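Some notes on the structure that comes next.
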Amino acid sequence: MRGAGLRLLTPRAVLAGGLLLRVGMLLYGLWQDAHMTVKYTDIDYCVFTDAARSVWAGGNPYERSTYRYTPVLAWLLTPNIWLHPTFGKWFFVACDCLVGALIVRIVEARGADKRRAAAYAALWLLNPQVANISTRGSAESVVCAAVVATLYAFQCRRVAWGSVLFGLAVHLKIYPLIYAVPLLCALGRAAREAPLQTAARGRMQATGRRLAALCNADRIAFAAISGGTFLALTAAMYGAYGREFLDETYLYHVTRRDHRHNYSLWFLPMYLTFASPRSAAMSLLTFLPQAATVTTLGLAFGKDIYFAAFAQTFAFVAYNKVCTAQYFMWYICLLPIIWPHNSLRLVPGGLLLVGAWLGSQALYLQQAYRLEFLGENAFFPLWAAGAAIFVANGWILHQIISHQQIAPCGGTAACHTQHTKRE
């Protein structure tokens, strides 16, 4: 029976199972929206649809209050207006499945066979939390697809394509900018140390070689193409929608102060100073520990762009002043790629990590229920639960890092071998 089960565990079967899971949840969501008071569809999806309606009518997507995204997303979802209201959800499901297919390719290229690759891809494709977020109408799967495709392109040494995708990913959601650090590390060639010389000329030659290694052709191409892609998209949107585009899409998130439905450690300080002039300053200061931690992780693990990106994203979300369940998808899409190179066993190590992750969130939701539904003064317990989430996430990241084997990307040869096997 076990052998038969393993034979059924193929990339095609896992992809089909992931698609069926999402189709089932999407259809159930339509029923719940039609028959129950509590709706299945996320409020963000209504915001996306209203913004799409505005641009389809020749207007401005920011006419819809709380639309804080690039107009590109509103244009992508205009079929919600002229084709069918659920088009966006099907599009997000397609992006989910694309991420799953890329995970299979990447894990295979990094040394796993098809069955192992399928098993790891199932962590994303058969994950009900991931499927729930996409089928409710969250657009995070679009960004995840752009990020994973970017990293895969760089693994295959397709610098131009990877740079274009990176510029697109940063335009869609600014947080992928943190991956510039490990990508630049991966694109560097180690400078060969010159023999020890006392002459000034020898020292100058060695310095010149190091500078040449820092500014190699791949790094220059990456900076030029990714920066050009981002600036071209941003300039086009600015030309169409003016300063409001910059304020709502990018600048808003710098001083954003969400004091409700926020897992962050910063929830209570933001709540207490919400109407104070100090609030904006505190909002900016929260970036300092986040930026320092994320940059350090990118430099430390730059040889393995997937693990560096995972560690950076996990820390970015944990330290962020705003944290919601949708943000978890940013690092969950990278977990199946890095986990084959981790020495933690599923039992008990892996289960302990999952237990700490889910348990801390359950504690938070318990306190949030007291505050939101029972009307109790549970602000401090809610903040304490957010602190517990932060501590749990710190411990989880430490455990993953301490058991991780850094696996530099295989480059073009690995990708070529994989494509040959598929043919």
Side-chain angles (χ1 to χ4, degrees), residues 123 127 129-130 133 140 175 178 253 256-274 279 282-301 307-335 338-339 342-372 376-404:
L123 295 174
N127 187 325
Q129 183 181 26
V130 172
I133 289 173
E140 303 306 327
Y175 88 88
I178 64 178
H253 296 281
R256 183 179 178 183
R257 293 169 288 169
D258 285 28
H259 62 288
R260 299 183 67 183
H261 312 124
N262 185 358
Y263 290 105
S264 173
L265 182 68
W266 303 102
F267 145 74
L268 189 59
M270 282 194 295
Y271 178 81
L272 294 176
T273 61
F274 190 77
S279 180
M282 189 195 72
S283 184
L284 290 172
L285 286 174
T286 60
F287 281 113
L288 295 178
Q290 182 185 44
T293 303
V294 166
T295 303
T296 300
L297 290 169
L299 291 170
F301 303 113
F307 185 68
F310 171 82
Q312 284 185 299
T313 312
F314 199 97
F316 182 90
V317 174
Y319 278 85
N320 206 35
K321 62 185 176 181
V322 177
C323 180
T324 64
Q326 288 91 331
Y327 293 6
F328 301 154
M329 289 182 68
W330 298 351
Y331 57 78
I332 291 176
C333 69
L334 299 168
L335 182 62
I338 65 103
W339 198 253
N342 197 283
S343 62
L344 269 177
R345 295 181 178 274
L346 180 61
V347 181
L351 290 182
L352 281 176
L353 299 189
V354 173
W357 190 73
L358 292 176
S360 59
Q361 292 176 48
L363 177 64
Y364 178 93
L365 293 174
Q366 180 190 28
Q367 303 307 316
Y369 177 80
R370 290 177 58 202
L371 177 66
E372 297 276 345
E376 299 179 8
N377 184 2
F379 285 98
F380 183 78
L382 189 62
W383 172 82
I389 290 178
F390 180 80
V391 171
N393 283 337
W395 176 76
I396 290 168
L397 184 57
H398 175 267
Q399 290 297 307
I400 292 175
I401 289 174
S402 61
H403 291 85
Q404 187 71 18

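Note that the structure is a prediction, hence the values are computed from the model and not measured.
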Evaluate the ring pair (Phe, Tyr, Trp, His ring centres under 6.0 Å) criterion for residues Y319 and F390: first the C-alpha distance (whole Å), next the side-chain angles of each, then the deciding distance (0.1 Å), finally the verdict. CA-CA 8 Å; Y319 278 85; F390 180 80; 5.1 Å; yes
Does [X] reach the side chain of [Y], with side-chain heavy atoms less than 4.5 Å apart?
X    : Y    : value
F301 : I401 : yes
V354 : L358 : yes
I400 : W339 : yes
L353 : W395 : yes
Q312 : T293 : no

Minimum heavy-atom separation for [X] and [Y], please, with both atom names.
X    : Y    : value
A356 : A392 : O-CB, 4.0 Å
A315 : L297 : CB-CD1, 3.6 Å
A325 : I133 : O-CD1, 3.7 Å

Side chain to side chain contact (heavy atoms under 4.5 Å, CB included) between Q399 and L352, worked out: CA-CA 10 Å; Q399 290 297 307; L352 281 176; over 6 Å; no
Could you tell me the separation between the [atom1] atom of [X] and the [atom2] atom of [Y], rounded to the nearest 0.5 Å?
X    : Y    : atom1 : atom2 : answer
I389 : L363 : CD1   : CG    : 7.5 Å
F310 : L397 : CZ    : CG    : 7.0 Å
I178 : T295 : CD1   : OG1   : 8.5 Å
L344 : H403 : CG    : NE2   : 4.5 Å

May I have the step-by-step check of side chain to side chain contact (heavy atoms under 4.5 Å, CB included) for F328 and W357, ending in yes or no? CA-CA 11 Å; F328 301 154; W357 190 73; 3.6 Å; yes
For a quick test of your reading: what N or O donor-acceptor pairs under 3.5 Å do the side chains of residues 379-386 make, sequence neighbours left out?
from	atom 1	to	atom 2	distance (Å)
W383	NE1	L265	O	3.1

Specify whether F316 and Y175 have parallel, tilted or perpendicular ring planes, treating 30° as the upper limit for parallel and 60° as the lower limit for perpendicular. tilted
Using the benzene-type ring in the case of Trp, are the ring centres of W330 and F314 under 6.0 Å apart? no
With sequence neighbours excluded, tell me which residues meet side-chain hydrogen bond (donor to acceptor under 3.5 Å, both in side chains) with N342.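 Q404.
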Salt bridge (charged side-chain N to carboxylate O under 4.0 Å, His left out) contacts touching residues 356-371 (sequence neighbours left out):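 Residue pairs passing salt bridge (charged side-chain N to carboxylate O under 4.0 Å, His left out), neighbours aside: R370-E376.
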